[in-house]
Amino acid sequence: MSYTANTGDETVWVRVAGTGRVLGVQLEEPVMRRPGAEIAARIQACADVAYFEGQVALREEAESSDAPAEGIGWMATREDLEAARARLRRL
(Lines give C-alpha, C1' and ligand atoms only; values in the text may rest on other atoms or scores of the structure.)
Protein backbone atom coordinates (compact mmCIF):
# COMPACT_ATOMS: atom_id res chain seq x y z
CA MET A 1 0.00 0.00 0.00
CA SER A 2 1.22 3.53 -0.70
CA TYR A 3 0.01 6.99 0.26
CA THR A 4 0.46 10.33 -1.49
CA ALA A 5 0.36 13.92 -0.25
CA ASN A 6 0.93 17.22 -2.01
CA THR A 7 1.23 20.90 -1.26
CA GLY A 8 -1.84 23.07 -1.71
CA ASP A 9 -0.38 24.67 -4.82
CA GLU A 10 0.35 21.18 -6.21
CA THR A 11 4.03 21.91 -6.82
CA VAL A 12 5.36 19.16 -4.52
CA TRP A 13 4.07 15.58 -4.44
CA VAL A 14 5.43 12.75 -2.29
CA ARG A 15 4.43 9.07 -2.30
CA VAL A 16 5.43 6.81 0.58
CA ALA A 17 5.00 3.15 1.40
CA GLY A 18 2.99 2.18 4.47
CA THR A 19 6.36 1.65 6.20
CA GLY A 20 7.23 5.30 5.62
CA ARG A 21 9.84 4.69 2.92
CA VAL A 22 9.69 7.42 0.28
CA LEU A 23 8.78 5.90 -3.07
CA GLY A 24 8.80 9.06 -5.13
CA VAL A 25 9.02 12.84 -5.12
CA GLN A 26 7.68 15.06 -7.88
CA LEU A 27 8.61 18.74 -8.07
CA GLU A 28 6.83 21.06 -10.47
CA GLU A 29 8.63 23.94 -12.16
CA PRO A 30 7.30 26.80 -9.96
CA VAL A 31 8.71 25.31 -6.75
CA MET A 32 12.19 25.15 -8.25
CA ARG A 33 12.47 28.93 -7.88
CA ARG A 34 12.30 28.63 -4.08
CA PRO A 35 15.35 28.28 -1.80
CA GLY A 36 16.47 24.71 -1.19
CA ALA A 37 15.46 24.80 2.49
CA GLU A 38 11.88 25.71 1.55
CA ILE A 39 11.71 22.91 -1.01
CA ALA A 40 13.06 20.44 1.56
CA ALA A 41 10.50 21.58 4.15
CA ARG A 42 7.69 21.03 1.65
CA ILE A 43 8.98 17.58 0.75
CA GLN A 44 9.26 16.63 4.43
CA ALA A 45 5.79 17.95 5.25
CA CYS A 46 4.26 15.98 2.36
CA ALA A 47 6.13 12.85 3.42
CA ASP A 48 4.88 13.26 6.99
CA VAL A 49 1.25 13.58 5.89
CA ALA A 50 1.45 10.58 3.57
CA TYR A 51 3.18 8.45 6.23
CA PHE A 52 0.69 9.43 8.93
CA GLU A 53 -2.20 8.61 6.58
CA GLY A 54 -0.80 5.11 6.26
CA GLN A 55 -0.19 4.76 9.98
CA VAL A 56 -3.69 5.97 10.85
CA ALA A 57 -5.20 3.50 8.37
CA LEU A 58 -3.20 0.64 9.91
CA ARG A 59 -4.04 1.78 13.43
CA GLU A 60 -7.77 1.93 12.67
CA GLU A 61 -7.60 -1.54 11.11
CA ALA A 62 -5.83 -2.87 14.22
CA GLU A 63 -8.34 -1.17 16.53
CA SER A 64 -11.25 -2.71 14.63
CA SER A 65 -9.58 -6.09 15.17
CA ASP A 66 -9.45 -5.42 18.94
CA ALA A 67 -5.67 -5.08 19.05
CA PRO A 68 -4.44 -4.23 22.56
CA ALA A 69 -3.79 -0.51 23.06
CA GLU A 70 -0.22 -1.12 24.20
CA GLY A 71 0.45 -2.91 20.90
CA ILE A 72 -0.50 0.06 18.76
CA GLY A 73 0.33 2.94 21.08
CA TRP A 74 3.43 3.81 19.05
CA MET A 75 1.43 4.35 15.85
CA ALA A 76 0.41 7.80 14.64
CA THR A 77 -3.05 8.97 15.67
CA ARG A 78 -5.67 10.96 13.78
CA GLU A 79 -4.52 13.99 15.84
CA ASP A 80 -0.94 13.47 14.59
CA LEU A 81 -2.26 13.35 11.04
CA GLU A 82 -4.30 16.53 11.47
CA ALA A 83 -1.29 18.34 12.95
CA ALA A 84 0.84 17.26 9.98
CA ARG A 85 -1.86 18.42 7.55
CA ALA A 86 -2.05 21.79 9.30
CA ARG A 87 1.73 22.18 9.05
CA LEU A 88 1.60 21.35 5.34
CA ARG A 89 -1.16 23.92 4.76
CA ARG A 90 1.00 26.63 6.39
CA LEU A 91 3.82 26.14 3.88
Side-chain angles (χ1 to χ4, degrees):
M1 196 108 218
S2 66
Y3 302 87
T4 303
N6 60 276
T7 55
D9 62 3
E10 298 186 342
T11 59
V12 177
W13 296 76
V14 177
R15 186 168 62 98
V16 302
T19 60
R21 186 171 68 95
V22 174
L23 300 173
V25 174
Q26 178 177 324
L27 303 175
E28 298 298 331
E29 182 64 31
V31 81
M32 300 307 291
R33 292 186 284 264
R34 294 183 174 276
E38 286 184 27
I39 297 170
R42 288 167 182 254
I43 292 169
Q44 182 64 58
C46 287
D48 288 347
V49 168
Y51 172 67
F52 286 159
E53 285 177 352
Q55 287 293 296
V56 168
L58 290 172
R59 182 185 189 104
E60 289 174 351
E61 182 179 315
E63 288 173 341
S64 70
S65 300
D66 295 323
E70 60 273 3
I72 59 173
W74 61 272
M75 298 176 88
T77 64
R78 186 148 300 279
E79 291 79 21
D80 296 324
L81 174 56
E82 291 309 317
R85 285 177 174 160
R87 184 173 137 239
L88 178 57
R89 282 191 300 271
R90 288 191 302 269
L91 294 177

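Keep in mind it's a predicted model, so treat the numbers as computed, not measured.
Connection of L88 to I39 is established within a shared hydrophobic cluster, with ILVMFWY side chains joined at heavy-atom distances below 4.5 Å, either directly or through further cluster members. Under a hydrophobic-cluster definition in which Ile, Leu, Val, Met, Phe, Trp and Tyr are linked whenever side-chain heavy atoms come within less than 4.5 Å, directly or via other members, M1 and L23 are assigned to different clusters. Hydrophobic clustering keeps M32 apart from W13 (ILVMFWY residues linked when any side-chain heavy atoms are closer than 4.5 Å, directly or through intermediates).
Results of the side chain to side chain contact (heavy atoms under 4.5 Å, CB included) test with V31 over T7, D9, V12 single out V12 as the only residue that passes.
Between the side chain of T11 and the backbone N or O of P30, no donor-acceptor pair lies under 3.5 Å.
Counting heavy atoms from C-beta on, the side chains of L27 and I43 come closer than 4.5 Å. Here the side chains of V14 and V22 are in contact, with some heavy-atom distance below 4.5 Å.
When all heavy atoms of G18 and Q55 are compared, the pair lying nearest together is O-NE2, 3.5 Å. The shortest non-hydrogen separation linking Y3 to A57 is OH-CB, 3.9 Å. The nearest pair of heavy atoms linking C46 to A5 is O-CB, 3.3 Å.
Pairs engaging residues 80-91 under the side-chain hydrogen bond (donor to acceptor under 3.5 Å, both in side chains) rule: D48-R87, E53-R85, T77-D80, E82-R85 [sequence neighbours left out]. Annotation: side-chain hydrogen bond (donor to acceptor under 3.5 Å, both in side chains) contacts involving residues 61-72, sequence neighbours excluded, comprise R59-E63.
Residues that satisfy the side chain to side chain donor-acceptor pair (under 3.5 Å) test with R34, not counting sequence neighbours, are E38.
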